Peer 1: 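Sharing a structure with you now.
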Amino acid sequence: VDNLKISMIQSVTPVKSRSFMIEDILESGTRSLLAPDDHEGNSVSDAAESLYEQHQRHQHLLESSGKMKKKRKPRTSFTNLQLFELERKFYHKKYLASSERKKLAQLLNLTDIQVKTWFQNRRNKHKRSKHDIIPIFDTDSAAA
């Protein structure tokens, strides 16, 4: 029973390596999991199962601590009417006050954040398009 406790502690405790070479890291990691003197009669599948259990415990800890990445919301598909109104508003005003943004969002059946993001993206697109325009000079009229 004591050997089992020691082997469980060794498999959970990360192995510290003095070298960052992949061979040394792999060797030290597999030595702690697969060494015959530590795991009498254990096979590679037992070690893999142990790693899987460690991974499950780690996932559970992340979920309970709230540090898991949230799944992204799918991309919003705007209707033609929504796009028309957003573009019309953008033509008149590049920046909206929060009250204007909320009214527009309510009118278009969108969230405040969706309108805010659309305006941010549209301003960036407008900025890029201004930089992409290359003035073309007529060489004949420039010489005159």
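Everything numeric here is computed off the predicted structure, so don't read it as measured data.
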Peer 1: Please give the remaining members of the hydrophobic cluster of L108, linking ILVMFWY side chains under 4.5 Å, ordered by chain and number.
Peer 2: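 Hydrophobic cluster check, L108: joined to F78, L83, L86, F90, L96, L104, L107, L110, V115, W118, F119.
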Peer 1: Which residues satisfy the side-chain hydrogen bond (donor to acceptor under 3.5 Å, both in side chains) test with Q120, sequence neighbours excluded?
Peer 2: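 None.
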Peer 1: Does a side-chain N-to-carboxylate-O contact under 4.0 Å join E100 and K103?
Peer 2: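 Salt bridge flag = no for K103 with E100.
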Peer 1: Got a sec, which pairs hit salt bridge (Lys or Arg N to Asp or Glu O under 4.0 Å) with one end in residues 106-121, sequence neighbours left out?
Peer 2: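 Qualifying pairs, neighbours excluded: R101-D112.
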Peer 1: If you count every heavy atom of other residues, nucleotides or ligands that lies below 6.0 Å from N124 atom CG, does the total exceed 12?
Peer 2: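 It does: N124 CG has more than 12 such atoms within range.
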Peer 1: Under the side-chain hydrogen bond (donor to acceptor under 3.5 Å, both in side chains) test, which residues partner R123, sequence neighbours left out?
Peer 2: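 If we apply the side-chain hydrogen bond (donor to acceptor under 3.5 Å, both in side chains) test to R123, skipping adjacent residues, there are no hits.
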Peer 1: Linking directly or through intermediates, with side-chain heavy atoms under 4.5 Å: list the remaining ILVMFWY members grouped with I113, chain and number order.
Peer 2: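 Noted: I113 shares its cluster with no other residue.
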Peer 1: Go through the structure and list residues passing side chain to side chain contact (heavy atoms under 4.5 Å, CB included) with K125, not counting sequence neighbours.
Peer 2: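 Here the qualifying residues are R122, R128.
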Peer 1: Sequence neighbours excluded, which residues qualify as side-chain hydrogen bond (donor to acceptor under 3.5 Å, both in side chains) partners of Q106?
Peer 2: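 Scan of Q106 (side-chain hydrogen bond (donor to acceptor under 3.5 Å, both in side chains), adjacent residues dropped) gives none.
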Peer 1: Under the rule for side-chain hydrogen bond (donor to acceptor under 3.5 Å, both in side chains), what residues qualify as partners of T117, not counting sequence neighbours?
Peer 2: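 In terms of side-chain hydrogen bond (donor to acceptor under 3.5 Å, both in side chains), with neighbours along the sequence ignored, T117 is linked to no residue.
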Peer 1: Would you please name every residue forming a salt bridge (Lys or Arg N to Asp or Glu O under 4.0 Å) with R75, sequence neighbours left out?
Peer 2: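 Per chain and number, R75 pairs via salt bridge (Lys or Arg N to Asp or Glu O under 4.0 Å) with no residue.
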Peer 1: State which residues pass salt bridge (Lys or Arg N to Asp or Glu O under 4.0 Å) with K127; sequence neighbours excluded, sorted by chain then number.
Peer 2: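 Testing K127 for salt bridge (Lys or Arg N to Asp or Glu O under 4.0 Å), a comparison that skips the adjacent residues, returns none.
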Peer 1: Do you know the tightest heavy-atom contact between R88 and E85?
Peer 2: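 Looking at all heavy atoms of both residues, the shortest contact is NH2-OE1, 2.8 Å.
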